[in-house]
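Shown next, in structure tokens, is the structure this report addresses.
What you are looking at is a predicted structure, and each value in this text was computed from that prediction instead of being measured. Values below: all heavy atoms of this structure, side chains included; hydrogens, waters and symmetry mates excluded.
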Amino acid sequence: MLETHGLGPELFISARIRIDDFDGTEFDTLEPSPSGVGVNEAYKIAIEEVFSFDIDALRKYEADGEHKNRTPAEIALSLAPNASPKGLSKLTNELVQRKLDCMMDQIGKPLPDGDLWPRPIPGFLECTRKIEAAKEAGALITTAIISAGHNAFIKKCYDVHGLAYPDIMVTDETINGLYSTQPLHRLTKPSSLPFWLVKAQWVNLFADNGEDFADLMSSPSNTRMVYAGDDPKKDAGLAANAGIPFVYIDKAGNTKLSWQTVELVLSLGSVALHEK
Ligand SMILES: [Mg+2]
């Protein structure tokens with residue numbers, strides 16, 4: 001197998017990474033879209049169609065607390081607990097496709113107050129633009145997403161605001177291929193496995209070969225990482241399991257302050273000083 005050639009392992013010591021959840025952390029996708037469809041409503045429409053063979057499916061979904069930041073596979077499994085791995089994969093794919101059909105064309109449409117759906121969570125755009133500026137000034141900052149959502153959806157939201165896409169995305173597409181070999185709870189938050197998939201890709205940006213990769217994976221880097229999320233169990237749990245700093249994005253609180261805390265943890269204020 002060919003060895004990779006990265007930025008060079010000696011640069012890893014000044015590398016930083018911001019890892020975010022997407023829904024409710026970067027964008028308020030739970031707010032219904034201009035046509036009245038939010039993530040929850042889209043799931044309800046999709047469940048009624050995909051699980052049309054089970055008249056109780058929608059009631060089960062509601063009794064389970066609805067979306068609750070679960071992955072599509074978790075939702076499908078809760079509605080069809082006896083499905084085979086192959087059957088679960090098929091139901092999950094159908095659920096995802098139908099849900100996306102409902103939501104994709106709503107991205108960028110104006111809400112009654114003129115804001116575009118989905119609204120960015122206050123503070124997120126500012127933090128992201130500071131990172132983009134720091135990168136342009138030569139800072140080694142990587143951005144990553146760990147989400148049960150989908151690449152096309154996330155990218156379209158970024159397009160609306162002219163943001164560069166996250167460098168690393170671990171989403172339902174990433175995890176989907178692992179459903180048949182790993183138990184679901186190992187693949188989903190608060191399990192740290194999605195974090196390790198991010199870390200491996202981050203480290204690999206700097207490693208020149210397999211030996212570097214192994215060295216960098218085990219070298220201390222946790223203080224140069226931060227994870228932001230809006231779920232006090234799933235997101236905070238992932239950060240705790242991974243042993244990295246966590247910033248809680250609480251929509252009921254001051255999210256601007258939370259995103260400024262993310263900037264502080266990444267020392268964005270001092271970037272230009274020591275890296276230019
Ligand atoms: Mg979330």
[X] to [Y] - nearest heavy-atom pair and separation:
X: T25; Y: A228; value: CG2-O, 3.5 Å
X: V160; Y: G108; value: CG2-CA, 3.8 Å
X: I249; Y: S258; value: CD1-CB, 3.7 Å
X: L88; Y: A73; value: CD1-O, 4.1 Å
X: C102; Y: I45; value: SG-CG2, 3.9 Å
X: N241; Y: P190; value: ND2-O, 2.7 Å

>> Between R119 and D113, is the salt bridge (charged side-chain N to carboxylate O under 4.0 Å, His left out) condition met? List the steps.
In response: CA-CA 11 Å; R119 290 179 216 269; D113 63 6; 2.7 Å; yes
>> Counting the benzene-type ring for Trp, do F195 and W202 have ring centres under 6.0 Å apart?
In response: no
Less than 4.5 Å apart, side chain to side chain, heavy atoms only: is that true for [X] and [Y]?
X: S221; Y: K199; answer: yes
X: N209; Y: D212; answer: yes
X: S191; Y: H185; answer: no
X: K90; Y: N93; answer: no
X: I131; Y: E263; answer: no
X: R16; Y: S267; answer: yes
X: M104; Y: H150; answer: no
X: P245; Y: T223; answer: no

Distance from [X] atom [atom1] to [Y] atom [atom2], nearest 0.5 Å?
X: D23; Y: T29; atom1: CG; atom2: OG1; answer: 3.5 Å
X: N204; Y: M217; atom1: CG; atom2: CE; answer: 9.5 Å
X: D167; Y: R18; atom1: CG; atom2: CZ; answer: 10.0 Å
X: L205; Y: L216; atom1: CG; atom2: CG; answer: 10.5 Å
X: L187; Y: L178; atom1: CG; atom2: CG; answer: 5.5 Å
X: L95; Y: E49; atom1: CG; atom2: CD; answer: 10.5 Å

What residues, two or more places apart in sequence or in another chain, satisfy salt bridge (Lys or Arg N to Asp or Glu O under 4.0 Å) together with [X]?
X: D230; answer: none
X: E62; answer: K44
X: K256; answer: none
X: E173; answer: none

>> Test of understanding: with ring pair (Phe, Tyr, Trp, His ring centres under 6.0 Å), list the residues that count as partners of F153, not counting sequence neighbours.
In response: none
>> Going by the rule ring pair (Phe, Tyr, Trp, His ring centres under 6.0 Å), which residues pair with F22 if we only count those two or more places apart in sequence or in a different chain?
In response: F27
>> With a 6.0 Å cut-off (strictly less than), is the heavy-atom count around CD of E136, excluding the residue itself, greater than 12?
In response: no
> For I13, does the CD1 atom sit with more than 12 other heavy atoms under 6.0 Å from it, leaving out its own atoms?
Replying inline: no
Main-chain N/O of [Y] paired to [X] side chain as donor or acceptor, under 3.5 Å:
X: E48; Y: L58; result: no
X: E41; Y: G38; result: yes
X: D115; Y: L111; result: no
X: T255; Y: P122; result: yes
X: T71; Y: E74; result: yes

>> With a 4.5 Å cut-off on side-chain heavy-atom distances among I, L, V, M, F, W and Y, is there a chain of contacts connecting L257 to L264?
In response: no
> Do Y165 and I154 share a hydrophobic cluster (ILVMFWY, side-chain heavy atoms under 4.5 Å, transitive)?
Replying inline: yes
> Given the rule in the side-chain contact (heavy atoms from CB on, under 4.5 Å) test, do T174 and M169 qualify, once you have shown the distances and angles that lead to the verdict?
Replying inline: CA-CA 8 Å; T174 322; M169 296 174 76; 5.8 Å; no
>> Can you pull out every salt bridge (charged side-chain N to carboxylate O under 4.0 Å, His left out) where at least one residue sits in residues 184-193? Sequence neighbours excluded, please.
In response: D21-K189, K189-D235
Show me the pairs that pass ring-ring contact (aromatic ring centres under 6.0 Å, His included) and involve [range], at least two apart or across chains.
range: residues 221-268; value: F124-W259
range: residues 35-93; value: Y43-H67, F51-F53
range: residues 95-119; value: none
range: residues 85-113; value: none

> Is there a side-chain contact (heavy atoms from CB on, under 4.5 Å) between K60 and D54 once you walk through the steps?
Replying inline: CA-CA 10 Å; K60 259 190 252 167; D54 177 3; 3.2 Å; yes
> Should the pair K156-D159 be classified as a salt bridge under the 4.0 Å nitrogen-to-oxygen rule?
Replying inline: no
>> Under the criterion side-chain contact (heavy atoms from CB on, under 4.5 Å), I'd like the reasoning laid out for T143 against T128: C-alpha separation, chi angles, the key distance, then a yes or no.
In response: CA-CA 9 Å; T143 55; T128 304; 5.8 Å; no
> Out of I175, I145, I19, which residue meets the side-chain contact (heavy atoms from CB on, under 4.5 Å) rule with V170?
Replying inline: I175
> Do T171 and N151 have side-chain atoms, one donor and one acceptor, less than 3.5 Å apart?
Replying inline: yes
Using distance only, find each side-chain donor-acceptor pair of residues 75-85 under 3.5 Å and give its atom names and separation, not counting sequence neighbours.
unit_1	atom_1	unit_2	atom_2	d
S78	OG	R70	NH1	3.4
S78	OG	I75	O	2.7
S84	OG	G87	N	3.0

>> Please evaluate residues K99 and V96 with respect to the criterion side-chain contact (heavy atoms from CB on, under 4.5 Å), reporting the C-alpha separation (whole Å), side-chain torsions for both, the decisive distance (0.1 Å), and the verdict.
In response: CA-CA 5 Å; K99 182 196 81 161; V96 165; 5.7 Å; no
